[in-house]
Amino acid sequence: MNITIRTPPDFNFKRTAASHGWSELLPFRIDDKWSKLSRVLDVGANRKPVSVEITGAKGGLRVSVEGELPPAAVEKVRRDVRHMLRLDDPLGVFYAEMAKEPAFAWVARAGAGRLLRAPTVFEDLVKTVCTTNCSWSLTKTMVSRLVVNLGRPARGGGHSFPTAATLAEAPLSFFREEMRSGYRAPYFKELAGRVASGELDVEGWLTSELPTPELKRAMKQVKGVGDYAAENLLKLVGRYDVLALDSWVRSTYARLHNQGRAAADKKIARHYARFREWRGLALWCDMTKDWIKE
DNA sequence: GCGTCCAGGTCTACC
DNA sequence: GGTAGACCTGGACGC
């Protein structure tokens, strides 16, 4: 069956699907042209997960699912797709700010700035820890092993992202010997236990009223989450007054704005400071401008 | 084939 | 509060 989802006028499917590396991490998949985003979604504890294919259509999205789904499951798919592709994020003020500067005016024209995210903060959190202190290829390998081994098989192929409860039940040896996550293994085990027991409400970060520095402090209470990981997560919950500097951003900044020489973090911060609460998003758009030709 | 470096960093101990 | 050293893994690179 096909589900149609209306999108805002400034929405750009390709820019969103390819906004950062998440589309390459299971249970997401992206085609070579960045025109079809696939994803396995949970549609209820008593139903098999479903594999959906999302493509851009005029004025909206087409979400294809194998077979038919009951109304409640259709509603869950709609909700997840809207959340993942940030369809309800208010970016009008951001685009107005970007349009004021010639070097950033393309952002509003292109409809860039929607950062793809998972249906749950828990998944984004686990994946973010998988990006730290390793190559991108190792990140993909660790996430794939986690999803394939612990995720539920889906109708239409693939596996869902495992829940915190599933991770909590897995032995520490799984994270070490199967996932091969190295020193991160006890971090995942501890995090999953805290989330599954209800001690830690990471989904609440989406609607938290804490000021960003306090929310960042709360995020850093999770083992394996430092400055970069917390700031990356902040962007994924809609806070852009942080930069999330990592080695890739630093080297890209050096190439684009510093004649190939390494720049101090303070210099990078100064470069984007004028964008205030949008500086993190302005930086990311700047770094990824050439990923897609206008 | 082997050793070294380092990648989309973080933690701990120590000062 | 700032910093050195340790930490898993695996791909790239030099020899």
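Chain letters run A, B, ... following the sequence lines, proteins first, then strands; residues in each count from 1.
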Does either side chain, that of A/T16 or that of A/S19, offer a donor lying less than 3.5 Å from an acceptor on the other one?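 No - no donor-acceptor pair under 3.5 Å links their side chains.
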
Looking only at side-chain N and O atoms, does A/Y272 offer a donor or acceptor that is under 3.5 Å from a partner on A/D286? yes

Rounded distance (Å) that lies between atom [atom2] of [N] and atom [atom1] of [X]:
X	N	atom1	atom2	result
A/L191	B/dT10	CG	P	15 Å
A/R217	B/dT10	CZ	P	16 Å
A/E178	C/dC8	CD	P	18 Å
A/L243	B/dG9	CG	P	15 Å
A/K220	B/dT10	NZ	P	8 Å
A/M219	B/dT10	CE	P	13 Å
A/K140	B/dG8	NZ	C1'	12 Å

**Asked** Would you say A/R180 reaches C/dG10's phosphate, i.e. side-chain N/O to OP1/OP2 under 4.0 Å?
**Response** yes

Side-chain N,O (A/R145) to OP1/OP2 (C/dG10) below 4.0 Å: yes

Heavy atoms under 4.0 Å, any strand shown: does [X] hit a base, just sugar-phosphate, or nothing?
X	result
A/A185	nothing
A/V225	sugar-phosphate
A/R250	nothing
A/S135	base

[X], nearest nucleotide to its side chain (from [options]):
X	options	answer
A/K223	B/dG8, C/dC8, B/dC11	B/dC11
A/C134	B/dG9, B/dA7, C/dG10	B/dA7
A/Y187	C/dG10, B/dC11, B/dG8	B/dC11
A/L138	C/dT9, C/dC7, B/dT10	C/dT9
A/Y228	C/dT9, B/dT10, C/dC7	B/dT10

Separation between the C1' atoms of C/dC8 and B/dC6, rounded to whole Å: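 Comparing C1' positions in C/dC8 and B/dC6 gives a spacing of 13 Å.
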
Problem set entry | Between C/dA6 and B/dG8 - P atom distance, rounded Å | 23 Å

inquiry  = Tell me whether A/K235 contacts the main-chain N or O of A/L243 through its side chain, where contact means a donor paired with an acceptor under 3.5 Å.
reply    =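 Yes: the side chain of A/K235 pairs with the backbone of A/L243.
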
- Message: Between A/T139 and A/C130 (side chain of the first, backbone of the second, donor and acceptor by atom type, cut-off under 3.5 Å), is there such a pair?
- Response: yes

| query | Can A/Y228 be reached from A/L283 by stepping across I, L, V, M, F, W or Y side chains whose heavy atoms are under 4.5 Å apart? | reply | no

Check your understanding: A/N232 pairs by side chain to side chain donor-acceptor pair (under 3.5 Å) with which of A/T128, A/D227, A/D246?
Key ->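 Going through the options one by one, the only one that passes is A/T128.
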
Quiz item: Do we see A/W136 stacking on the base of B/dA7, given a limit of 5.5 Å between centres and 30° between planes?
Solution: no

*asked:* With nearest nucleotide decided by heavy atoms, which residue, A/Y183 or A/S137, maps closer to the 5′ end of DNA chain C?
replied: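 First, find each residue's nearest nucleotide; the 5'-ward one identifies A/Y183.
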
5'-most contact on DNA chain B (nearest-nucleotide basis), A/V222 vs A/V249, goes to A/V249

**Prompt:** In the strands shown, is C/dG11 matched to any nucleotide by a Watson-Crick or G-U wobble pair with both distances under 3.5 Å, and which?
**Reply:**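 WC or wobble partner is B/dC5.
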
